[in-house]
Amino acid sequence: MKFSPQRYKISDRSMVPFIDVDEIWDILQNTQSTPESVNHIIEKSLRKNRLSLEETAILISANDEESIRLIKEGASQLKQAIYGNRIVLFAPLYIGSLCKNNCLYCGFRASNKEAIRLTLSDKDIENEVKALEDTGQKRLILVYGEHPKYNAEYIAHTARLVYATKYKNGEIRRVNINAAPLDVLGFRTVKEAGIGTYQIFQETYHPETYKTYHPSERKADYAYRLTALDRAQEAGLDDVGIGALFGLYDWRFEVMGLVRHANHLEACYNVGPHTISFPRIQSFSEANISDKYKVSDEDFVKLIAILRLAVPYTGLILTAREPEAIRDEALKYGVSQIDGGTKLELGAYSETKNETQNLNREQFQINDNRSLGEIMDELIEKQYLPSFCTACYRKGRTGEHFMEFSTHGFIKKFCTPNAILTLAEYLEDYANEATAEKGWTLIMHEIEKIEDEKILLQTLEKIAQIKLGERDLQF
């Protein structure tokens, strides 16, 4: 397809589609790996430098036991150096299942006549948000089918509604979006609503595979979707998330595509994606697609470690599509954000009886059904620091400004105290007695690690204020 600035409503040539299939496969097929070369690249990554496609390919091609051990250990060390032991928590909230697309792997596909099509009313949304707040959630990602009804104005309206809905001590402090690509004006509209990250998954970076799985006209335009986040950047929305659905094509190519996309955004806008997601197809029979490119557990953990090394400052999201055991392992090697207490049925959070999943109301099946409280308890038990922090986003530390701070150790220096404060809130307002006892022990242990005396004293003061009933204190 010939590039047309008029078609994309842009003028910046940096938005020309940037994935070169032959280049990526040439690199993959002509790259050899040794433990020595792997170790050299890991040393570069540990200096907190983003990796090139060629360097990423060396890690991908590593198959010997020693190299894979080095990759996992390097990823674990890098994650600790940048993020500490923080794990950010969020919940997805599905707003509507209307969809004009016919993605062959998706439960929302237009051809699925058994799907129950719903759009939450404003009152429904308020009820859902209150139910989520009543469990302790502070961060949501709103998910929409790709349908004309869910345009920029509607997305902005729902985001404002979520922010305005408060219950007891609960409030949602960050609203992220997973929705269809927009034009520049549309991205400006949603930015004005105060959203956090706008997340768009390319699904697969391989154009022919993309064409196979996306026959609908609305989503069939590979290039328009690929350059969507360039339009977001042009609109001033500098906090974006990318992702690929693993299982549609060769996982090695998809990792290279994600790294290429991240490097493209950084080269053009001086800031890479805030997050990368890598959901994996679990049930090929339900999706009615070939399992030719099914990703094994072993390769899945390996690719997560590779992504952590390739993009040191990018948040890695692993959702409840994955079972508990895989999520627990992935936390060691790079994952920094997970969802908790996830329900995918529209309206399910505010329903009192929702023990079983209704696949006619869901986009896909989840495999980790733990409540937020259970996940919080288990994270604390394993000495992770659960975080609901949203301080950077609300203080304008996003995009290029966020990179300026984070590359100088800002994340570990300030995000850890902020995580402590949000955990203190959770323990005071929502935790059961056993979790609270373990949580306060963890907080005191984390406080002892704070080296800056001024920040240490301020953290102790803010915790005292939280115990007296104040909320939303931050650095």
Side-chain angles (χ1 to χ4, degrees), residues 45-48 72-90 136 138-139 173 305 308-309 312-316 327-338 340 375-393 395 397 402-431 434-468 470-475:
S45 182
L46 289 174
R47 294 193 295 271
K48 304 173 185 176
K72 289 182 176 180
E73 288 183 357
S76 179
Q77 185 178 345
L78 179 64
K79 183 192 173 187
Q80 183 64 32
I82 294 178
Y83 294 94
N85 61 338
R86 289 182 312 115
I87 301 295
V88 174
L89 290 125
F90 69 96
K138 295 289 188 290
R139 304 163 57 101
R173 297 171 183 166
R308 169 49 61 224
L309 292 167
Y313 290 103
T314 301
L316 299 185
R327 295 229 286 179
D328 288 348
E329 185 174 5
L331 289 177
K332 304 173 188 175
Y333 304 123
V335 167
S336 56
Q337 296 188 27
I338 61 173
I375 289 178
M376 292 290 290
D377 188 80
E378 290 175 31
L379 288 174
I380 292 168
E381 184 74 31
K382 295 173 182 177
Q383 297 299 295
Y384 289 109
L385 179 60
S387 175
F388 297 95
C389 179
T390 59
C392 284
Y393 318 113
K395 289 181 176 293
R397 299 191 292 248
F402 177 78
M403 292 301 294
E404 290 172 358
F405 286 115
S406 64
T407 53
H408 292 89
F410 177 88
I411 292 178
K412 194 170 182 180
K413 185 175 181 181
F414 289 97
C415 292
T416 295
N418 278 327
I420 289 171
L421 297 180
T422 63
L423 177 57
E425 285 189 355
Y426 177 86
L427 298 177
E428 286 290 291
D429 293 338
Y430 306 104
T435 300
E437 182 177 352
K438 288 185 287 188
W440 283 113
T441 299
L442 175 64
I443 284 177
M444 297 314 297
H445 178 67
E446 291 295 325
I447 286 175
E448 290 174 358
K449 297 180 186 178
I450 299 176
E451 297 176 355
D452 187 308
E453 185 175 355
K454 181 179 179 181
I455 292 177
L456 171 62
L457 292 174
Q458 289 178 342
T459 303
L460 291 171
E461 290 172 1
K462 291 178 188 297
I463 286 176
Q465 292 174 282
I466 288 171
K467 284 182 171 290
L468 291 173
E470 292 194 44
R471 294 295 178 266
D472 198 16
L473 304 176
Q474 55 193 263
F475 287 90

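Keep in mind it's a predicted model, so treat the numbers as computed, not measured.
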Asker: Let me see the working for Q337 and L89 under side chain to side chain contact (heavy atoms under 4.5 Å, CB included), right down to the final yes or no.
Answerer: CA-CA 6 Å; Q337 296 188 27; L89 290 125; over 6 Å; no
Asker: Supply the atom-to-atom distance L331 CG to N85 CG, rounded to the nearest 0.5 angstrom.
Answerer: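 Here the rounded value is 11.0 Å.
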Asker: Of all residues at least two apart in sequence or in a different chain, which pass the side chain to side chain donor-acceptor pair (under 3.5 Å) check with K438?
Answerer: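 For K438, the residues satisfying side chain to side chain donor-acceptor pair (under 3.5 Å) (neighbours in sequence not counted) are D377, E381.
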Asker: Checking S387 side chain against V88 main chain: does a donor-acceptor pair fall under 3.5 Å?
Answerer: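 Looks like no, no N/O pair under 3.5 Å.
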Asker: Quick one: side chain to side chain donor-acceptor pair (under 3.5 Å) partners of Q458, sequence neighbours excluded?
Answerer: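 With neighbours one apart ignored, the set is empty.
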Asker: For K449, enumerate each residue passing the side chain to side chain donor-acceptor pair (under 3.5 Å) test, keeping only those at least two apart in sequence or located in another chain.
Answerer: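 In terms of side chain to side chain donor-acceptor pair (under 3.5 Å), with neighbours along the sequence ignored, K449 is linked to E446.
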Asker: What pairs with Q383 under side-chain contact (heavy atoms from CB on, under 4.5 Å), at least two apart in sequence or on another chain?
Answerer: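 With neighbours one apart ignored, the set is L442, H445.
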Asker: NZ/K382 to CG/L379 distance, rounded to the nearest 0.5 angstrom?
Answerer: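 Those atoms lie 7.5 Å apart.
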Asker: Just to verify, what does E461 make a side chain to side chain donor-acceptor pair (under 3.5 Å) with, not counting sequence neighbours?
Answerer: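 Partners of E461 by the side chain to side chain donor-acceptor pair (under 3.5 Å) criterion come out as none, since no residue qualifies.
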Asker: Any sub-3.5 Å donor-acceptor pair from R139's side-chain atoms to F90's backbone N or O?
Answerer: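 Looks like no, no N/O pair under 3.5 Å.
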Asker: Please name all residues satisfying side-chain contact (heavy atoms from CB on, under 4.5 Å) with A431, sequence neighbours left out, ordered by chain then number.
Answerer: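 side-chain contact (heavy atoms from CB on, under 4.5 Å) check on A431 returns Y426, L427, T435, A436.
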Asker: Which heavy-atom pair separates S336 from G315 by the least distance, and what is that distance?
Answerer: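 Distance-wise, the nearest heavy atoms are OG-CA, 3.4 Å.
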Asker: If you look at every heavy atom in L309 and S45, which pair is closest and at what distance?
Answerer: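 Residues L309 and S45, closest heavy atoms: O-OG, 2.6 Å.
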Asker: Given side chain to side chain contact (heavy atoms under 4.5 Å, CB included), test R471 with D429 step by step and report yes or no.
Answerer: CA-CA 10 Å; R471 294 295 178 266; D429 293 338; 2.8 Å; yes
Asker: Not counting sequence neighbours, which residues clear side-chain contact (heavy atoms from CB on, under 4.5 Å) with I455? List them please.
Answerer: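 Only K413, F414, P417, I450, D452, T459, F475 meet the side-chain contact (heavy atoms from CB on, under 4.5 Å) criterion with I455.
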Asker: Would you please test T390 and Q474 for side chain to side chain contact (heavy atoms under 4.5 Å, CB included) and show each step?
Answerer: CA-CA 9 Å; T390 59; Q474 55 193 263; 5.8 Å; no
Asker: Decide side chain to side chain contact (heavy atoms under 4.5 Å, CB included) for C415 and R86; before the verdict, give the C-alpha distance in whole Å, the side-chain angles of both, and the deciding distance to 0.1 Å.
Answerer: CA-CA 8 Å; C415 292; R86 289 182 312 115; 3.6 Å; yes
Asker: Among residues two or more places apart or on two chains, list those pairs meeting salt bridge (Lys or Arg N to Asp or Glu O under 4.0 Å) that have a residue in residues 416-426.
Answerer: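 Listed once each, the pairs are R173-E425.
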Asker: Taking atom OH of Y384 and atom OH of Y83, what is their separation to the nearest 0.5 Å?
Answerer: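 Nearest 0.5 Å value for the OH-OH distance: 14.5 Å.
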Asker: Around atom CD of Q77, are there more than 12 heavy atoms of other residues, nucleotides or ligands at under 6.0 Å?
Answerer: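 Incorrect, the count does not exceed 12.
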Asker: Which distance, rounded to the nearest 0.5 Å, do you find between the NZ of K79 and the CG of L316?
Answerer: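 Taking NZ in K79 and CG in L316, the distance rounds to 9.0 Å.
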Asker: Using side-chain contact (heavy atoms from CB on, under 4.5 Å) as the criterion, list what pairs up with E437, not counting sequence neighbours.
Answerer: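 For E437 there are no side-chain contact (heavy atoms from CB on, under 4.5 Å) partners, ignoring immediate neighbours.
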Asker: Once salt bridge (Lys or Arg N to Asp or Glu O under 4.0 Å) is applied, do any residues pair with E329, and if so which ones, sequence neighbours excluded?
Answerer: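 Here no residue qualifies.
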Asker: Find the distance between CH2 (W440) and CD1 (I447) and round it off to the nearest 0.5 Å.
Answerer: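 So the gap between those two atoms works out to 8.0 Å.
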